[in-house]
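Heads up: the structure comes next, in structure tokens.
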There are 4 protein chains.
Amino acid sequence: MSKRDDILSATLDLIDEEGLQSVTIAKIMKRANVGSGTLFNYFSNKEELVNEVYKAARQHMGEALLRNYNPGLSLYERFKCLQLNRLHFGLSSPKEFLFIDSYSYSPYISADLRKMEDASREIMLSLIEEGQTQGIFKEMDTHLSHQIIHGIMVSIVKGFIIQKYPLDGLQVQQTLEACWKAIRV
Amino acid sequence: MSKRDDILSATLDLIDEEGLQSVTIAKIMKRANVGSGTLFNYFSNKEELVNEVYKAARQHMGEALLRNYNPGLSLYERFKCLQLNRLHFGLSSPKEFLFIDSYSYSPYISADLRKMEDASREIMLSLIEEGQTQGIFKEMDTHLSHQIIHGIMVSIVKGFIIQKYPLDGLQVQQTLEACWKAIRV
Amino acid sequence: MSKRDDILSATLDLIDEEGLQSVTIAKIMKRANVGSGTLFNYFSNKEELVNEVYKAARQHMGEALLRNYNPGLSLYERFKCLQLNRLHFGLSSPKEFLFIDSYSYSPYISADLRKMEDASREIMLSLIEEGQTQGIFKEMDTHLSHQIIHGIMVSIVKGFIIQKYPLDGLQVQQTLEACWKAIRV
Amino acid sequence: MSKRDDILSATLDLIDEEGLQSVTIAKIMKRANVGSGTLFNYFSNKEELVNEVYKAARQHMGEALLRNYNPGLSLYERFKCLQLNRLHFGLSSPKEFLFIDSYSYSPYISADLRKMEDASREIMLSLIEEGQTQGIFKEMDTHLSHQIIHGIMVSIVKGFIIQKYPLDGLQVQQTLEACWKAIRV
DNA sequence: TATGAATGAGATTTCATTCAT
DNA sequence: CATGAATGAAATCTCATTCAT
């Protein structure tokens, strides 16, 4: 792993452990085993570094959310794929998941980055529209429907991460079902 | 309002406006019209102050969530009351609502405080159990059911606050319906 | 005991326990059970308070050093009386003794107070002169002789206070003898 | 001289000039020509800095006290060497000498440091024991004997530093004689 | 006379950032 | 490329002192 990656990774770890609030450059340097000079070679200041961590996390999540997505499948299959991908991303990359969740509304992250293109969101919105047209989903503001589904998935992952309950096959199935039913006619 | 309350209130306002990141004691002092000595008489350091803001917000929300709750009503009426209370709290106290949402997973808030007793949560859990026993709600981990409902409500309020959609009678009705259906049999 | 005395006494205690360095008005108030207003009624500022503590200690010591001093006694008896008085003062009032020793060279105590009239010193100096005239004490700068005696006594008391050795009849006798011999012909 | 030494040295100078009471970090920074960051890189707080000054002074004195000490010499020669070394240290390094004297009983200096190993003290104690065995010194607690000698030397140097008297060949000789006689049989 | 909440000047301390090596 | 000692602006925090009650 390159020094640059060491720095990004150390930063994410520390944010997860202590909160951005108390993450200092000195702590990052120590954790990443680099000198301050090195760090400022790669990132011109702390804010840029944190924004780069955010950007990398968003890119990583962006890829994960569309993994194996096949537009040719049935509405339900596509719906299921998108939700499962989010869930798996949350479980396999909890630090990135929580960081994105926490900082997507923070002024510390540049507006450009926060509004970064999100293919999966667009796909999901049109999928909802399609479902409504077909009479499968209840007619309502697609953003509202999307927000409902999104709220469920994020909440379920966060609940699991802080160990409110187990999350294996059965629970995953039940969660998917809840999402589907929540916006069904 | 006491000086102490002025300080708490100024702190919440500033966190809402600029993010905890950039809230300094100096800004709080100025906004609350108090000297630094006064501030440190009431709160021994910045972390304690922020934790007290969190505590006050949680207490405020705790009361709001149980407003007009009547154990004698039907399951659906009780369910609706609790969800509407959360929604109204979010709409009438968005700063507190968002602050609680952001920092309930943050290490900056003491674990004790984050896990602070929450009567409405207990009531909601037993309401879910009751519904499952009666065959109205789907049998599953009550914490999972609860997290689903909670995820929807929080997400919907946040979406409204950041102006993704309007939230009037119709949308509120649809949201409530989504919650109910999400965990129905 | 009056409030004023409570304050003086609390101050001396705290200086003894923590060093003037870390004695704050707040600690004094708490220890003396008085409000800040009361304290500043009696003493116009912290420096004046500490100086009053010093003054009281010096006065107390001044009296103790001349207790039972009888100009009619023999040279040795007078010598012994003065030395024993110092020793007893140190043992019975260690806080005052150490405070005087530590702060007699500190700029925090006003020059006037530090140079405060010291009858016992004058008496001791003339006693030394008398001894030299009589050929009992070695001829040398009387201040040097005095400083030798004084150094021994102070050192012995401090050593006892920090528990380097016991100090009962035998040791007291040996110390007196050492003083006498140190400046004898 | 390293920055660290600049800081230690500036601190000692200021304590000597104004008393620890009024020495601030800002004054030290200015005198030592370093930024605050530099100072806190080397010393994590003011108390630690002052303790390090004390430690350095003790180490410096420790070396000075044993200069030219030759175990092969006669009892008197060894005695004289140790006393003269202390005297010379006091005269050549008055700031360190007075600082050590003032703070060896102060709670501001950590107990560990105050009780720091002191080779010259051990040597002096065994020298006293040797003298007692040979019937030269009076039989008494060796710590008491030591404290008597120590008290004389410290007192004499302090008296000279604050200009109570001159201290040339004659006075030095008289002081040494006083020490020797004070504990003789 | 006694109180203690409020104050703010000034102290300590932090930490992102620079730059010579 | 990599380093880390040095920096100082800006943050946190302390504490003697005031004053209305």
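Naming: A, B, ... by sequence-line order, numbering from 1 per chain.
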**Request:** Anything under 4.0 Å to a heavy atom of chain B counts; send over the first and last such nucleotide of DNA chain F, read 5' to 3'.
**Result:**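 First and last nucleotides in contact are F/dA11 to F/dC15.
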**Qualifying salt bridge (charged side-chain N to carboxylate O under 4.0 Å, His left out) pairs, either residue in residues 20-37 of chain A, two or more places apart** =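 Only A/Glu17-A/Arg31, A/Glu18-A/Lys27 qualify under salt bridge (charged side-chain N to carboxylate O under 4.0 Å, His left out).
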I want to check something: taking the side chain as every heavy atom from C-beta on, are [X] and [Y] in contact at a cut-off of under 4.5 Å?
| X | Y | answer |
| --- | --- | --- |
| B/Leu14 | B/Thr11 | no |
| C/Gln21 | D/Glu47 | no |
| C/Val154 | C/Phe97 | yes |
| D/Arg58 | D/Leu113 | no |

**Request:** Give a yes or no on whether a donor-acceptor pair under 3.5 Å exists between the nucleobase atoms of E/dT14, that is its base, and the side chain of D/Ser36.
**Result:**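 Result: at least one qualifying N/O pair found.
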**B/Thr38 or D/Val34, whichever maps to the more 5' nucleotide of DNA chain F** =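 Closest to the 5' end, via its nearest nucleotide, is D/Val34.
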**Closest non-hydrogen atom pair, A/Arg114 against A/Tyr103** =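 Minimum heavy-atom separation between A/Arg114 and A/Tyr103: CD-O, 4.0 Å.
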**Item:** Heavy-atom closest contact (B/Phe89 atom, B/Ala57 atom, distance)
**Value:**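 Result for this residue pair: CZ-O, 4.3 Å.
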Just the rounded figure in Å: distance from [atom2] of [N] to [atom1] of [X].
| X | N | atom1 | atom2 | result |
| --- | --- | --- | --- | --- |
| D/Lys30 | E/dA11 | NZ | C1' | 16 Å |
| B/Met29 | E/dA9 | CE | C1' | 11 Å |
| C/Lys46 | E/dA9 | NZ | P | 20 Å |
| C/Phe40 | E/dT1 | CZ | P | 17 Å |
| D/Glu47 | E/dA11 | CD | P | 18 Å |
| B/Asp6 | E/dT7 | CG | C1' | 15 Å |

**Request:** Would you kindly compare B/Leu39 and A/Ser44 by the position of their nearest DNA chain E nucleotide and give the one closer to the 5′ end?
**Result:**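 Counting from the 5' end, the first nearest nucleotide belongs to B/Leu39.
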**Item:** 5' priority, DNA chain E, between C/Tyr42 and A/Asn45 [closest heavy atom]
**Value:**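 Per heavy-atom nearest nucleotide, the more 5' residue is C/Tyr42.
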Once you apply a heavy-atom cut-off of 4.0 Å, does [X] come out as touching a base, just sugar-phosphate, or nothing?
| X | answer |
| --- | --- |
| B/Ile25 | sugar-phosphate |
| D/Asn41 | base |
| D/Phe43 | nothing |
| A/Thr24 | sugar-phosphate |

**Inter-residue atom distance B/Ile28.CD1 - B/Ile15.CD1, 0.5 Å rounding** =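 Between atom CD1 of B/Ile28 and atom CD1 of B/Ile15 there are 7.0 Å.
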**Spacing of CE belonging to B/Met61 relative to OG belonging to B/Ser93, to within rounding of 0.5 Å** =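 The CE atom of B/Met61 sits 10.5 Å away from the OG atom of B/Ser93.
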**Request:** Could you check which residues of residues 49-56 of chain B get a heavy atom under 4.0 Å from DNA chain E? Sort them by number, please.
**Result:**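 Heavy-atom cutoff 4.0 Å gives no residues at all.
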**Message:** Looking at E/dT7, I'd like to know if its phosphate oxygens (OP1 or OP2) sit under 4.0 Å from a side-chain N or O belonging to B/Lys3.
**Reply:**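 Looking at the OP1 and OP2 atoms of E/dT7, one of them is under 4.0 Å from a side-chain N or O of B/Lys3.
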**Message:** Going by side-chain hydrogen bond (donor to acceptor under 3.5 Å, both in side chains), name the residues that satisfy it together with A/Asn33, two or more places apart in sequence or in a different chain.
**Reply:**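 Here no residue qualifies.
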**Request:** Go through the structure and list residues passing side-chain hydrogen bond (donor to acceptor under 3.5 Å, both in side chains) with A/Lys46, not counting sequence neighbours.
**Result:**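 None.
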**Prompt:** Will you find, in the side chains of A/Ser110 and A/Tyr54, an N or O donor that is under 3.5 Å from an N or O acceptor?
**Reply:**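 Side-chain D/A pair, A/Ser110 to A/Tyr54: absent.
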**Complete:** For DNA chain E, the dot-bracket notation using Watson-Crick and G-U wobble pairs below 3.5 Å, [ ] for pseudoknot-type crossings and | for other-strand pairs, is .||||||||||||||||||||
